[in-house]
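All remarks here apply to the structure that follows.
Note that the structure is predicted; figures quoted are calculated from it, not measured. Values reported hereafter were calculated over all heavy atoms of this structure, with side chains retained and with hydrogens, waters and symmetry mates removed.
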Amino acid sequence: MSEEGKVITDVALKDSPSVDPLFFDVCLVFVGCVCTVLMCFFGIVANVVNIPLFRRQGYRDGVNVTLTALAISDLGAVTFELAYATIMNPYILEVDLLVSKVVIGFIVGYIHEYFTRVSSVITAFAALERCLCVTRPLKVKAMITTRVAVVVNLSIFLIYSGYLFPQFYSMYFDWAFVPERNRTLYVVFFTSRTASMFPITLYFTDMLLPYCTFFVLVSCSTILFVTLKSKAKWRRLISGSDDRLSHVSTKERKSGLLFMSVSIMCIVLLLPQYLLFTAIIFVRALALDGYLSDLRTVFSAFTNFLKITNCSFTIFIYFKMSTKYRKEFQKMFGKCIPTPSP
């Protein structure tokens with residue numbers, strides 16, 4: 001653990017490189033900057049489009065409320081990741097700044113991580129809501145109203161803001177003279193509280209909560225898949241030529257598949273980040289002040305890109321699998337968008 005009062009700058013993070021500097025810079029510039037920045041711009045546009053589209057569909061039930069909250073949290077995640085990727089560009093040096101890059105990186109990085117985690121929890125809530133709608137439709141529709149969905153999603157945003165407390169409680173920012181830069185910079189200091197906060201931030205916020213979220217997503221997706229498959233088989237046996245029943249079955253199946261797809265994408269693209277966090281717990285050298293910290297930075301460049309992809313690509317799932325979304329999208333942008341076959 002970092003010593004009390006230790007100054008953290010971009011020089012401190014590069015004192016003992018364990019990765020070839022050229023490879024390190026290529027990964028940070030191409031993956032961490034170019035690819036990530038482009039994906040961030042796309043994600044900002046996609047979520048700015050999603051929010052008014054869900055509003056235009058109406059909030060007669062809790063589904064669109066939850067999807068709007070998901071779009072807002074995804075928008076926050078890609079916006080702060082854009083700031084992080086820009087400032088952590090290896091060709092932007094602290095010699096050009098009055099504030100240490102690490103200070104800006106800590107602030108925008110933790111806020112980005114907050115929105116990413118909120119997005120995963122909202123996705124889990126959406127999957128749980130859809131799972132219950134399929135297995136217990138009458139009870140859930142009466143229980144999860146628009147008002148309940150608003151309260152739940154707001155509660156997720158507020159409660160998860162507690163994630164930021166242990167992060168900033170164990171450090172502080174102040175002016176200090178940095179000999180390597182021969183100037184005074186606004187830098188990060190770790191305090192003696194870091195040791196006491198370490199188990200909370202890693203074991204609880206970086207392991208327990210994310211893996212519980214993944215467990216909910218996997219469980220709900222599995223139940224959705226099994227339930228929809230059994231219902232489809234049952235309806236084929238009894239419906240015969242009943243087109244209305246067949247239409248209801250198709251609509252329910254598409255809705256279930258939409259939330260299953262969003263859940264699976266969330267698991268696949270976010271899991272590598274939390275596996276990295278788990279590795280940091282057991283491999284001390286991967287910590288911020290460890291001798292493998294630059295290797296961790298390389299891994300983080302790829303996992304951050306995957307996280308931003310998760311926050312940006314939901315628009316494709318909505319457009320492909322939601323007829324209402326597709327119709328509103330075409331109303332907003334004209335008839336030049338082809339309609340995929342059902």
> Would you call the rings of Phe316 and Phe42 parallel, tilted or perpendicular, where under 30° means parallel and over 60° means perpendicular?
Replying inline: parallel
> Do other residues, nucleotides or ligands put more than 12 heavy atoms under 6.0 Å from Tyr160 OH?
Replying inline: yes
> Taking atom CD1 of Ile51 and atom CG of Asn47, what is their separation to the nearest 0.5 Å?
Replying inline: 6.5 Å
> Which pair of non-hydrogen atoms, one from Val151 and one from Ser155, has the smallest distance, and what is that distance?
Replying inline: O-OG, 2.7 Å
>> Between Arg117 and Glu113, is the salt bridge (charged side-chain N to carboxylate O under 4.0 Å, His left out) condition met? List the steps.
In response: CA-CA 6 Å; Arg117 291 163 190 250; Glu113 193 64 37; 3.1 Å; yes
>> I'd like to know whether Lys324 forms a side-chain hydrogen bond (donor to acceptor under 3.5 Å, both in side chains) with Gln57, so could you lay out the CA-CA distance, the side-chain angles of the two residues, the decisive distance to 0.1 Å, and finally the verdict.
In response: CA-CA 7 Å; Lys324 288 183 179 180; Gln57 292 180 51; over 6 Å; no
> What pair of heavy atoms forms the shortest contact from Ala301 to Val31, and how long is it?
Replying inline: O-CG1, 3.6 Å
>> What's the separation between atom OG in Ser120 and atom CG in Leu269, rounded to the nearest 0.5 Å?
In response: 12.5 Å
> Are Leu70 and Leu154 connected, step by step, through hydrophobic side chains (Ile, Leu, Val, Met, Phe, Trp, Tyr) whose heavy atoms are closer than 4.5 Å?
Replying inline: no
>> Do Val48 and Phe333 land in one hydrophobic cluster if side-chain heavy atoms of ILVMFWY residues count as linked below 4.5 Å?
In response: yes
> Mind checking whether Phe305 and Phe302 have side chains closer than 4.5 Å, heavy atoms only?
Replying inline: no
> Side chains of Tyr84 and Asn304: donor-acceptor distance under 3.5 Å anywhere?
Replying inline: no
> Is any side-chain heavy atom of Phe329 closer than 4.5 Å to a side-chain heavy atom of Val49?
Replying inline: yes
>> Minimum heavy-atom separation for Ser263 and Leu217, please, with both atom names.
In response: OG-CD2, 3.6 Å
> Any donor-acceptor pair under 3.5 Å linking the side chain of Ser161 with the backbone of Leu158?
Replying inline: yes
> Just wondering, do Tyr318 and Glu328 contact through their side chains at under 4.5 Å, heavy atoms?
Replying inline: no
>> Measuring from atom CG of Asp74 to atom OG1 of Thr116, what distance do you get when rounded to the nearest 0.5 angstrom?
In response: 8.0 Å
> Hey, mind stepping through Phe259 and Leu67 against side-chain contact (heavy atoms from CB on, under 4.5 Å) and telling me if it holds?
Replying inline: CA-CA 10 Å; Phe259 284 95; Leu67 293 179; 4.1 Å; yes
> If you round to the nearest 0.5 Å, how far is NZ of Lys307 from CG of Leu270?
Replying inline: 7.5 Å
> Are Tyr59 and Thr68 close enough, and set up right, to give a side-chain hydrogen bond (donor to acceptor under 3.5 Å, both in side chains), and what steps lead you there?
Replying inline: CA-CA 10 Å; Tyr59 298 121; Thr68 301; 3.2 Å; yes
> Do Val65 and Val63 belong to the same hydrophobic cluster, where Ile, Leu, Val, Met, Phe, Trp and Tyr are linked whenever their side-chain heavy atoms lie under 4.5 Å apart, directly or via other members?
Replying inline: no
> Does any donor atom in the side chain of Tyr114 or Ser73 lie under 3.5 Å from an acceptor atom in the other side chain?
Replying inline: no
> Side-chain contact, heavy-atom cut-off 4.5 Å: His112 with Val108?
Replying inline: no
> So how far is it from Ile44 CD1 to Met39 CE, rounded to the nearest 0.5 Å?
Replying inline: 12.5 Å
>> To check you understand the geometry: which heavy-atom pair defines the closest contact between Val37 and Ala85, and what is its length?
In response: CG2-CB, 4.0 Å
> What class does the angle between the rings of Phe80 and Phe115 fall in, given that below 30° is parallel, 30 to 60° is tilted and above 60° is perpendicular?
Replying inline: parallel
> Around atom CZ of Phe41, are there more than 12 heavy atoms of other residues, nucleotides or ligands at under 6.0 Å?
Replying inline: no
>> Between Leu257 and Met260, does the side-chain contact (heavy atoms from CB on, under 4.5 Å) criterion hold? Intermediate values first, please.
In response: CA-CA 5 Å; Leu257 288 175; Met260 283 175 56; 4.2 Å; yes
>> With side-chain contact (heavy atoms from CB on, under 4.5 Å) as the criterion, how do Ser255 and Arg130 come out once you've worked through the C-alpha distance, each side chain's angles and the decisive distance to 0.1 Å?
In response: CA-CA 8 Å; Ser255 178; Arg130 181 50 44 186; 3.3 Å; yes
>> With a 4.5 Å cut-off on side-chain heavy-atom distances among I, L, V, M, F, W and Y, is there a chain of contacts connecting Tyr274 to Val283?
In response: yes
> Just wondering, do Leu82 and Thr86 contact through their side chains at under 4.5 Å, heavy atoms?
Replying inline: yes
> Can you name the nearest heavy-atom pair linking Gly58 to Asn64, along with the distance?
Replying inline: O-ND2, 2.9 Å
> If you draw a 6.0 Å radius around CZ in Phe30, do more than 12 non-hydrogen atoms from other residues or ligands fall strictly inside?
Replying inline: no
> Which atoms form the tightest heavy-atom contact between Asn153 and Ala69, and what is the distance?
Replying inline: OD1-CB, 3.6 Å
> Once you round to the nearest 0.5 Å, how far does OG1 of Thr297 lie from CZ of Phe299?
Replying inline: 10.5 Å
> Taking C-beta and beyond as the side chain, do Ile315 and Asn50 meet within less than 4.5 Å on heavy atoms?
Replying inline: yes
> side-chain contact (heavy atoms from CB on, under 4.5 Å) between Leu276 and Ser300: does it pass, once the steps are laid out?
Replying inline: CA-CA 8 Å; Leu276 176 61; Ser300 295; 3.5 Å; yes
> Hey, quick one: are Val216 and Val268 part of the same hydrophobic cluster, counting side-chain heavy atoms closer than 4.5 Å, chains of contacts allowed?
Replying inline: no
> Do Ser312 side-chain atoms and Thr309 backbone N/O form a donor-acceptor pair below 3.5 Å?
Replying inline: no
> Going by heavy atoms in the side chains, are Leu306 and Asn310 under 4.5 Å from each other?
Replying inline: no
>> Quick check on Phe125: does its CZ atom have over 12 non-hydrogen neighbours (other residues, nucleotides or ligands) under 6.0 Å away?
In response: yes
> Got Arg56 and Met332 here, is their nearest side-chain heavy-atom distance under 4.5 Å?
Replying inline: yes
